[in-house]
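To start, the structure itself, in structure tokens.
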Protein chains: 2
Amino acid sequence: MRIGEVASAAGVSTRALRYYEQQQLIASSRSTGGQRLYTPDTVERVRWIQLLYAAGLSSRTIVEFLPCVHTGIAGPEMIARLRAERDRLDDHMRDLAATRARLDSVLAAAEFGATRPAGEAAEV
Amino acid sequence: MRIGEVASAAGVSTRALRYYEQQQLIASSRSTGGQRLYTPDTVERVRWIQLLYAAGLSSRTIVEFLPCVHTGIAGPEMIARLRAERDRLDDHMRDLAATRARLDSVLAAAEFGATRPAGEAAEV
DNA sequence: CTTGCCTTTGACGTTAACGTCAACTTTTAC
DNA sequence: GTAAAAGTTGACGTTAACGTCAAAGGCAAG
């Protein structure tokens, strides 16, 4: 596959793919003319990359994780890193849930205020 | 309160507080000598700011939300914005949960491999 | 062969939320 | 009254993940 195909299949820009290659996140062979050629599974790989980015991992961390993500093989040290990131994710999700709850209560108050005809029972 | 007190109370740097003021997120009066003076509720406000930042909101958005967060008053348009952000948060949390699950299954596979004494039942 | 689209490398631009001096002035503590 | 600690403005630095030209070469179709 050429770069444009992979890009549209994975939903990213060609610029992003070149950037990923530079960060060692993906690899490519070259055509005789020098154009990048990818194997089809690159698309899946790129999707993983997007997921991990969205989860707040840096490209440096993703580079560490990707091999083990595909092979399912990891040394004890890598397992610890994986656990750490998973736990960080858990913490983050808890924080988000709390924030969401507070935002929701603000919303409830605002909606309640909005249902009052502007000044009903507003003062004593 | 002076800037240092607020900073340590809220767990941010003084630089951050000056930045927030520049972004209109917080306000301050000045001492005769020109030093910033804050009311105690600024601490709470800064905590809110941190929460919303962590939730992925930009300072521009936070500036819109903060008044209504404190007063509980919002026009219909603001209520729509609040709902939109809450929903975005929900979506994001779902994505994170999915990613966490996939990461966890990778971990499970890796841990399983690690419990095998290196080559037991690995090949047929 | 040539038109038109795709790709390549190189390099500068962008954005957000601060970090980090530097050179001073204010406050505080003794 | 005098250090030391804390604060002030101004301005440049940082980082990540790309965006956006620019100039030039590759590639399938007719």
Side-chain angles (χ1 to χ4, degrees), chain A residues 1-40 42-43 45-66 85 88 92 95-96 99, chain B residues 1-40 42-43 45-66 85 88 92 95-96 99:
Chain A
M1 299 172 79
R2 298 199 313 185
I3 198 170
E5 297 177 73
V6 176
S8 70
V12 301
S13 69
T14 60
R15 177 66 175 91
L17 292 180
R18 293 196 195 93
Y19 175 74
Y20 295 165
E21 183 168 336
Q22 194 180 336
Q23 303 299 310
Q24 323 264 19
L25 293 170
I26 59 178
S28 68
S29 55
R30 296 303 181 108
S31 76
T32 58
Q35 302 198 345
R36 264 168 269 254
L37 296 177
Y38 300 93
T39 58
T42 304
V43 175
R45 195 176 170 90
V46 170
R47 293 220 173 96
W48 256 107
I49 294 173
Q50 292 286 104
L51 278 182
L52 296 179
Y53 270 139
L57 307 202
S58 69
S59 60
R60 213 177 60 74
T61 305
I62 298 179
V63 139
E64 290 183 54
F65 285 2
L66 272 185
E85 285 301 334
R88 248 179 27 76
H92 188 207
D95 290 352
L96 287 186
T99 300
Chain B
M1 299 173 78
R2 298 199 312 185
I3 198 170
E5 298 177 71
V6 176
S8 70
V12 301
S13 69
T14 61
R15 177 67 175 93
L17 292 180
R18 294 197 195 93
Y19 175 74
Y20 294 164
E21 183 168 335
Q22 193 179 336
Q23 304 299 309
Q24 322 264 20
L25 293 171
I26 58 178
S28 68
S29 54
R30 295 304 179 108
S31 76
T32 60
Q35 301 199 346
R36 265 168 267 254
L37 295 177
Y38 299 94
T39 58
T42 304
V43 175
R45 196 175 169 89
V46 170
R47 293 220 173 97
W48 257 107
I49 294 172
Q50 293 286 103
L51 278 182
L52 296 179
Y53 270 139
L57 308 201
S58 69
S59 61
R60 212 177 61 74
T61 306
I62 298 179
V63 139
E64 290 182 54
F65 285 2
L66 272 186
E85 284 301 334
R88 247 179 28 75
H92 188 206
D95 290 352
L96 287 187
T99 300

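Throughout, protein chains are lettered first and strands after them, A, B, ... in sequence-line order, and every chain is numbered starting at 1.
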Go through the steps to decide whether Arg36(B) and Thr14(B) satisfy the test side-chain contact (heavy atoms from CB on, under 4.5 Å), and finish with yes or no.
CA-CA 11 Å; Arg36(B) 265 168 267 254; Thr14(B) 61; over 6 Å; no
Residues of residues 11-28 of chain A with any non-hydrogen atom less than 4.0 angstrom from an atom of DNA chain D: list those, numerically ordered, please.
Ser13(A), Arg15(A), Ala16(A), Tyr19(A), Tyr20(A)
Please list each protein N or O that sits under 3.5 Å from an N or O in nucleotides 3-6 of chain D, with the distance.
none

Heavy atoms of other groups near Arg60(B) CZ, more than 12 under 6.0 Å:
no
To the nearest 0.5 Å, atom CZ of Arg18(A) lies from atom CZ of Arg15(A) at 8.0 Å
Which of residues 45-54 of chain B sit near DNA chain D, with a heavy atom under 4.0 Å from it?
none
Any heavy-atom pair between the side chains of Met1(A) and Val43(A) that's under 4.5 Å?
yes
The test is side-chain contact (heavy atoms from CB on, under 4.5 Å); show your working for Leu37(B) and Arg2(B) and say whether it passes.
CA-CA 5 Å; Leu37(B) 295 177; Arg2(B) 298 199 312 185; 3.9 Å; yes
By nearest-heavy-atom nucleotide on DNA chain D, the more 5' of Gly33(B) and Ser59(A) is Gly33(B)
Note: chain B reaches DNA chain C at heavy-atom distances under 4.0 Å over the stretch, first to last nt, 5' to 3', of dA17(C) to dT27(C)
Between Ala7(A) and Ser13(A) the two heavy atoms that sit nearest each other are CB-C, 4.1 Å
May I have the step-by-step check of side-chain contact (heavy atoms from CB on, under 4.5 Å) for Leu96(A) and Leu96(B), ending in yes or no?
CA-CA 10 Å; Leu96(A) 287 186; Leu96(B) 287 187; 3.8 Å; yes
Scan Arg60(A) against the nucleic acid and name what it touches under 4.0 Å (heavy atoms): base, sugar-phosphate only, or nothing.
nothing
Heavy atoms from other residues, nucleotides or ligands near CD of Gln24(B) exceed 12 (cutoff 6.0 Å)
no
Could you tell me whether a side-chain N or O of Glu64(A) sits under 3.5 Å from a main-chain N or O of Thr61(A), the two making a donor and an acceptor?
no
Donor-acceptor pairs are to be reported for all side-chain atoms of residues 45-56 of chain A against protein atoms at under 3.5 Å, with residues two or more places apart or in another chain.
from     : atom 1 : to       : atom 2 : distance (Å)
Arg45(A) : NE     : Leu25(A) : O      : 2.7
Arg45(A) : NH1    : His70(A) : NE2    : 3.2
Arg45(A) : NH2    : Leu25(A) : O      : 3.1
Arg47(A) : NH2    : Ala9(A)  : O      : 2.7
Gln50(A) : OE1    : Tyr20(A) : OH     : 2.6

For a quick test of reading the model, state the closest non-hydrogen atom pair linking Ile26(A) to Leu17(A) and the distance between them.
CD1-O, 3.5 Å
Are the side chains of Gln35(B) and Arg30(B) in touch, meaning some heavy atoms are under 4.5 Å apart?
no
Ser28(A): which residues meet the side-chain hydrogen bond (donor to acceptor under 3.5 Å, both in side chains) condition with it, sequence neighbours left out?
Glu21(A)
